[in-house]
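Labels below follow one simple rule: chain letters A, B, ... track the order of the sequence lines, proteins then strands, and each chain is numbered from 1.
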Protein chains: 2
Amino acid sequence: MGPTIRDIAKAANVSTAAVSYVINDKPGVSEETRLKIQRIMREMNYRPNPQARGLAAKRTGMLGLMIPDITDPFYVNVVRGVEAESNQLGYTLTLCTTHGDAERERNVAGTLTSNWVDGVIMMAYKLSPSELEKLSKHKVPIVVIDNPEVAGLIPSIMVNNTALGRTATAYLVEMGHTRIGFIHGVEGSNSSAARYEGYVQALKSHGLEPDPDLVERGDFSYEHGLAAAHRLLSLPNRPTAIFAANDQMAFGVMNAATELGLSVPEDISVIGVDDIEAAALVVPGLTTMRQPTWEIGACAVQILERLINPPEDSQDSKDAQSADASKSSVIQRVFEAELVVRGSCAPPTI
Amino acid sequence: MGPTIRDIAKAANVSTAAVSYVINDKPGVSEETRLKIQRIMREMNYRPNPQARGLAAKRTGMLGLMIPDITDPFYVNVVRGVEAESNQLGYTLTLCTTHGDAERERNVAGTLTSNWVDGVIMMAYKLSPSELEKLSKHKVPIVVIDNPEVAGLIPSIMVNNTALGRTATAYLVEMGHTRIGFIHGVEGSNSSAARYEGYVQALKSHGLEPDPDLVERGDFSYEHGLAAAHRLLSLPNRPTAIFAANDQMAFGVMNAATELGLSVPEDISVIGVDDIEAAALVVPGLTTMRQPTWEIGACAVQILERLINPPEDSQDSKDAQSADASKSSVIQRVFEAELVVRGSCAPPTI
DNA sequence: ACTTCTTTCTTAATCGGTTAAGTTCTTTCT
DNA sequence: AGAAAGAACTTAACCGATTAAGAAAGAAGT
């Protein structure tokens, strides 16, 4: 075991309190003593025990991060942003994955919020808004990412998926396409629905009538993208472009095209969402909508930090019971996606 | 704040000790009292404070995981295995990424081992063997993944990269290829060196002489794979197959081929390592060597668990000072990679 | 010179658990 | 019946920090 604060105090011939003040940069210690204590801490390779600190000071210096899946590139990139910003601010991360399982989400959320982390960032999809709201009533601040259902109730960060859908669709329309297919993500996905909404809006605003025959449902997986594309491309009057709700499915589209002897982008244009690594690796490169994942993660941490350590201008929070503060405005931040042009889209040739 | 153990004790009209025994499933409490306490804990939605538990019991129920990069599919998949197994055994994960920075590795390793986690899984590349060995002298058990330099000194898990290289190369040779290129990973990479070693062994054992002109150095990135492949494929007597030390570079090879008007696998066979997601998404699919990443992660946790809670047959550890125990045998586990056949390899046509 | 501040430290309670040792009360053995 | 053993609890010290409150000593004010 490493040395404790008592060992340091003894070696420096001071009390543990003095050492604690030095550790936490608090006043009340002379410069001379401070330097001596710091030297001894270094010599003995002392590291304060986070458990004890947490217990005594009621802060652990840890943030909890709850995501459905660590293999999904979208989440991973958000995590990177969270990670970078946490480090910046001196927090350590605890990562929990839920595999999209409702029970596990409930479990993890419960543990995280009931104790031991200073704040939680949640990407929760199975928890109901009311459950989430109940959790946010605990002491531990929560920031929710990409869950429009609770935006306004709980501090939230979202991606403007409708605008994303509009941008992607408009790009194709302005290129000359008039028959554009859309492949949905998994049933019940808010982001997929919003992207579809944007798709419809863009078509209408360009004077095109959405054709229900050109809309298929996938589940965000490659296989479903492939199957859906097969159906779309076998249509008597097949689309000249397809907008898939994520890149995995877009790859399915590209490969379905190849299998059917169609070439991308000459015969069929393809656009996806996410900008996964593979998008840049294939030929032609996949044109896609990139979400500012890194920024989203970083922003979540910044918001959390302000919830944990509220700025000093809310002096009378004791009196106000913070009742109207929480009522006044729940933080909400919306990010926009960006079009990444590669080689998978071109004007229609037929 | 949630209720404390004292609140529960008061509500159940027992001592905190009794509650603690119930929490930890220890004997000394009657069935009746046990049920009553459990009911009250549930009613009051009680969750023991991990800080306090850690402090008192000198165990935190947390495992530390140190990886260079959360975007690299190899690590991510190891993490998944670690995650699954930790959950199984009731541990919570703390994830730290180092971005391959030596200073950050030192830092993270120091924090993790000096305190507060029950065990650490490290994928450390910049720390010297002596540094790692010093760390392993601390109280906190460490398992190192994929670092052959410290195998034998510290409990380790490795992938047999030489065998991996042999298998991949033999696959190509037995298909009829005689001129096989190899693209190295980053300078100083142990795994790349071992894969090359296997490549040479396989060639020789099939009576082929390794040709230094067919060996290029990349750095595991797509761009370097592309560049290296351009050089190899422009050779007067170009190879008919290329073995890249990872999939990203293999994609570079495939695209270089396309750019040069060669088709895969007819004109040039390509094999990679890792089986990243994109490998299955492209046409033709990338034939590659899959490492049992999930199993590696799970195994690391299992080893750690046994180091944290040693099996009960080492009764006289007090006397033996565990000196000869540590000398006798440091746990070491080697995994083999597996060939995943897709469409990127075929017999040579010239 | 005497009080009143400051500055610089120390004392000791506290956070929420765990656990060795002690206490009661009941059961079993001879 | 009396002693020993066991079951079911309780008491209280402890883990390693933080922090409010107090003490000692020198400086400043009147």
Hey, is the main chain of A/E103 close enough, under 3.5 Å, to the side chain of A/K126 for a donor-acceptor pair?
no

Phosphate contact (D/dT18 OP1 or OP2) by A/S20 side-chain N/O below 4.0 Å
yes

Indicate yes or no for a side-chain donor-acceptor contact from A/T98 to the backbone of A/D101 under 3.5 Å, with no hydrogens or angles considered.
no

Please check if any side-chain donor atom of A/Q332 sits under 3.5 Å from a side-chain acceptor atom of A/S156, or the reverse.
no

Quick check: does any side chain N or O of A/N147 sit under 3.5 Å from a backbone N or O of A/A124, one acting as donor and the other as acceptor?
yes

Divergence of helical axes at both termini of the helix from C/dA1-D/dT30 to C/dT30-D/dA1 - five pairs an end, 10° steps
40°

Do the side chain of B/D118 and the main chain of B/T60 share a donor and acceptor less than 3.5 angstrom apart?
yes

Checking the side chain of A/T113 only, and the main-chain atoms of A/A109 only, is there a donor and an acceptor separated by less than 3.5 Å?
yes

Here the distance between atom C1' of C/dG16 and atom NZ of A/K139, to the nearest Å, is 12 Å

If we ignore hydrogens and angles and just use 3.5 Å, is the side chain of A/N24 paired with the main-chain N or O of A/K26 as donor and acceptor?
no

For B/D7 and C/dC15, give me the distance from atom CG to atom P, rounded to whole Å.
11 Å

Report yes or no: does A/E85 contribute a side-chain atom to a donor-acceptor pair with the main-chain N or O of A/V82 at less than 3.5 Å?
no

Residue mapping more 5' on DNA chain C - nearest nucleotide basis, B/Y46 or A/A17
A/A17

Under the 3.5 angstrom rule, does the side chain of B/R80 hit a backbone N or O of A/I70 as a donor-acceptor pair?
no

side-chain contact (heavy atoms from CB on, under 4.5 Å) with A/L65: of A/T94, A/I121, A/V78, A/V120, only one passes, and it is A/I121

B/K58 side-chain N/O to D/dG16 phosphate OP1/OP2 under 4.0 Å
yes

By the 4.0 Å heavy-atom rule, please label A/V14 as base, sugar-phosphate, or nothing.
sugar-phosphate

Pull out every residue in residues 21-40 of chain B that has a heavy atom closer than 4.0 Å to any atom of DNA chain C, ordered by number, or say none.
B/Y21, B/N24, B/K26

Nearest to the side chain of A/R6, which nucleotide is it out of D/dG16, D/dT19, D/dT10?
D/dG16

Whole-Å distance, B/R59 CZ to C/dG16 P, equals 21 Å

Under 4.0 Å from any atom of DNA chain C, heavy atoms only: list the residues of residues 47-55 of chain A that qualify, in numerical order.
A/L55

In Å and rounded to the nearest 0.5 Å, what is the CE to CD1 distance from A/M122 to A/I67?
13.5 Å

